[in-house]
Amino acid sequence: MNEILEVKNISKKYQGKEGEILAINNVNFSIKEGEFVSIIGPSGCGKSTLLSIISGLEEKTTGKIYIEGEEVNGISDRIGYMLQRDCLLEWRNILSNTIFGLEIKNKISKESKDYAKNLLKKYDLYDFIDKYPSELSGGMRQRVALIRTLTTKPKILLLDEAFSALDYQTRIMVTNDIYEILRKEKITVLMVTHDISEAISMSDRVLVLTKRPGTIKNIHKIDFGIENRTPINCREKPEFSKYFNTLWKELGVDEK
Amino acid sequence: MKNNISKERKEYLRKIRIRKVIILFFQLFILIGFLALWEILANKQIIDSFIMSQPSRIFDTFLNLSSNDLVKHILVTTYETIIGFLIGTILGVFIAIILWWSDYLSEIFEPYLVVLNSLPKVALGPVIIIWVGAGMPAIIVMAVAISLVVTILENLNGFLKTDKDIIKMAKTFKATKFQILTKIVIPANIGTFINSLKVNIGLSLVGVISGEFLVSKAGLGYLIVYGGQVFKLDLVMTSVIILGILAGIMYGAVLLLEKIITKTRFSN
């Protein structure tokens with residue numbers, strides 16, 4: 001498999017009135033095509049900043065980012081980004097929300113619209129295309145938000161705490177739904193989360209960041225050895241709690 | 001459907017209806033009672049109808065609309081208010097957009113807006129008259145002066161408070177600033193805009209009347225001042241009542257516009 005994303009020597013310094021703050025220090029990692037990678041770390045370690053930098057929303061101070069071997073600066077068409085909240089536009093119906101990204105990129109065509117409609121059909125949202133976001137449940141809204149991102153056919157999807165705004169039960173269900181969609185569409189994912197079990201249940205690898213200035217402390221390979229793995233069925237495996245303890249300890253040392 | 005209504009539901013609906021009737025009854029009672037009391041006290045000469053006027057005389061004045069040129073005065077005031085309202089709203093929203101676009105400009109102009117906002121605009125009356133002449137333009141400028149700054153501040157405030165995450169979402173699709181403005185900031189602030197319309201229609205009327213007090217030869221404000229000077233209190237009272245009705249109608253028109261906007265908004 002090819003390395004689809006490479007992050008090299010990324011550092012980020014914030015300039016404030018009080019002085020400089022080094023938020024991220026020399027982060028290096030890469031992701032292979034089709035992989036699901038999570039980043040966890042103590043709060044304030046700059047994990048969301050790292051994601052913003054990769055997405056191009058924020059400037060980096062030093063370092064380089066390569067996607068499919070090409071260096072990128074700024075926001076790339078090959079990256080999709082999903083925020084904590086679904087950010088659906090309340091005044092647009094579901095179809096119109098779904099194609100919002102295409103509209104912004106001036107890529108509305110018969111094909112692209114059909115592609116969006118097909119995704120909606122595939123993931124049980126087609127009956128709702130004339131409804132408004134306020135008429136949908138939290139889980140459905142999050143699925144619409146995901147499909148909105150997928151319509152522009154990104155190579156990598158960045159998830160920024162994408163499920164933490166949901167209540168626990170919905171969250172488990174939505175995680176499962178979204179995971180299945182991502183696997184079916186063969187999307188490479190980089191997810192930032194503060195939830196250790198969420199990271200373990202979804203990822204192939206977990207990157208652990210140190211506290212500020214964030215740098216990579218360790219990379220854990222997660223393997224349950226089961227086919228058709230889902231975020232729910234791997235929670236039942238004995239390895240799950242083993243991974244959990246390892247990661248918990250690794251984060252815990254830094255909290256002190 | 002009718003068979004599905006349960007007893008409790010019927011009872012509930014009945015209670016709501018009764019409540020509505022009671023409220024309407026007292027609203028009318030207060031109005032009619034007030035007018036009747038006024039009329040009776042004036043007839044019994046307990047109050048001086050020369051100073052206080054009286055409902056029947058107001059009604060007579062109202063009936064003689066044409067001989068008093070009332071229609072003309074109403075039209076003049078309405079015209080001035082609508083023009084002032086439109087200019088104040090459009091210009092205000094336009095300036096708010098410019099200030100949203102450039103955070104430099106909005107920071108530079110912030111203290112000026114704050115001062116202008118708290119300054120009683122009527123104080124500018126004499127200046128306006130000297131600059132644009134004593135006539136209808138001065139009245140319209142007064143109406144604009146009163147509504148403009150509030151429109152700018154209210155809309156700018158709304159624009160700046162637009163959900164940051166939604167703007168971020170649009171940016172991840174490489175949205176330009178213009179797209180963010182037209183596809184997110186403006187549609188997200190339709191509510192703010194309608195609110196400023198509601199405030200503005202009232203403010204424009206205030207501006208027009210105070211303008212008419214100062215300079216005009218026509219309009220309800222002129223009638224009120226004229227009536228006061230010649231002690232025709234019937235005329236003053238009639239004008240005030242018509243002004244009230246006019247304000248109500250204009251506000252109603254804005255409410256209608258609000259309905260139309262919300263309807264078209266949810267039918268894309």
Side-chain angles (χ1 to χ4, degrees), chain A residues 48 51-52 54-58 72 74-108 129-135 141 144-146 148-154 156-162 165, chain B residues 93 96-97 100-101 103-104 106-108 110 154-155 157-198 254-268:
Chain A
S48 284
L51 209 66
S52 290
I54 295 170
S55 73
L57 285 172
E58 247 183 271
V72 286
I75 297 164
S76 162
D77 281 333
R78 284 177 281 193
I79 289 185
Y81 189 99
M82 214 169 129
L83 289 89
Q84 196 173 94
R85 289 166 49 218
D86 53 59
C87 292
L88 297 182
L89 307 176
E90 299 296 337
W91 57 88
R92 284 169 174 250
N93 65 24
I94 297 307
L95 181 61
S96 161
N97 260 299
T98 310
I99 60 173
F100 182 74
L102 295 169
E103 192 182 316
I104 293 288
K105 287 173 187 266
N106 289 318
K107 279 185 184 161
I108 297 242
I129 58 172
D130 294 326
K131 297 261 191 272
Y132 285 88
S134 59
E135 299 170 274
R141 292 177 62 125
V144 173
L146 175 65
R148 175 180 60 199
T149 315
L150 296 184
T151 49
T152 58
K153 300 188 180 169
I156 313 173
L157 181 65
L158 308 178
L159 299 179
D160 187 5
E161 305 257 5
Chain B
V93 172
I97 288 174
W100 171 83
W101 193 282
D103 46 1
Y104 262 111
S106 67
E107 220 167 299
I108 290 168
E110 198 201 337
E154 182 150 336
N155 282 287
N157 218 342
F159 291 169
L160 293 176
K161 276 190 189 145
T162 311
D163 195 326
K164 296 275 181 304
D165 279 349
I166 290 185
I167 292 176
K168 192 174 171 186
M169 181 275 291
K171 278 185 181 163
T172 66
F173 292 115
K174 267 189 179 165
T176 59
K177 196 152 193 175
F178 186 71
Q179 282 177 320
I180 292 175
L181 176 72
T182 53
K183 292 186 191 293
I184 292 176
V185 172
I186 291 177
N189 281 287
I190 291 291
T192 320
F193 175 69
I194 290 172
N195 266 343
S196 72
L197 291 187
K198 286 180 188 165
V254 173
L255 288 185
L256 195 69
L257 188 70
E258 176 178 15
K259 265 192 187 161
I260 294 169
I261 289 175
T262 17
K263 242 190 186 170
T264 49
R265 197 173 177 216
F266 285 104
S267 57
N268 54 2

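Each chain gets a letter, A, B and so on, in the order its sequence line appears, and its residues count up from 1. Note that the structure is predicted; figures quoted are calculated from it, not measured.
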Is it true that atom NZ of A/K131 has more than 12 heavy atoms of other residues, nucleotides or ligands lying nearer than 6.0 Å?
no
Only one of B/I186, B/T162, B/L160, B/N189 forms a side-chain contact (heavy atoms from CB on, under 4.5 Å) with B/W100, so which one is it?
B/L160
side-chain contact (heavy atoms from CB on, under 4.5 Å) with B/N157: which residues, sequence neighbours excluded?
B/K161
Toward chain B, the part of [X] with a non-hydrogen atom under 4.5 Å:
X      : answer
A/T152 : side chain
A/L57  : side chain
A/L95  : neither

If I compare all heavy atoms of A/W91 with all of B/K183, which pair ends up nearest, and what's the gap?
CZ2-O, 3.5 Å
Apply side chain to side chain contact (heavy atoms under 4.5 Å, CB included) to the pair B/L197 and B/L257, showing each step before the final yes or no.
CA-CA 10 Å; B/L197 291 187; B/L257 188 70; 3.6 Å; yes
Do side-chain atoms of A/E161 reach the backbone of A/Q84 as a donor and acceptor pair under 3.5 angstrom?
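Here the side-chain-to-backbone pair does not exist.
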Are there residues of residues 163-174 of chain B whose heavy atoms fall under 4.5 Å of chain A's heavy atoms? If so, which?
B/D163, B/D165, B/I166, B/K168, B/M169, B/A170, B/K171, B/T172, B/F173, B/K174
In Å, rounded to the nearest 0.5 Å, how long is the span from CD1 of B/I190 to OG1 of B/T262?
9.5 Å
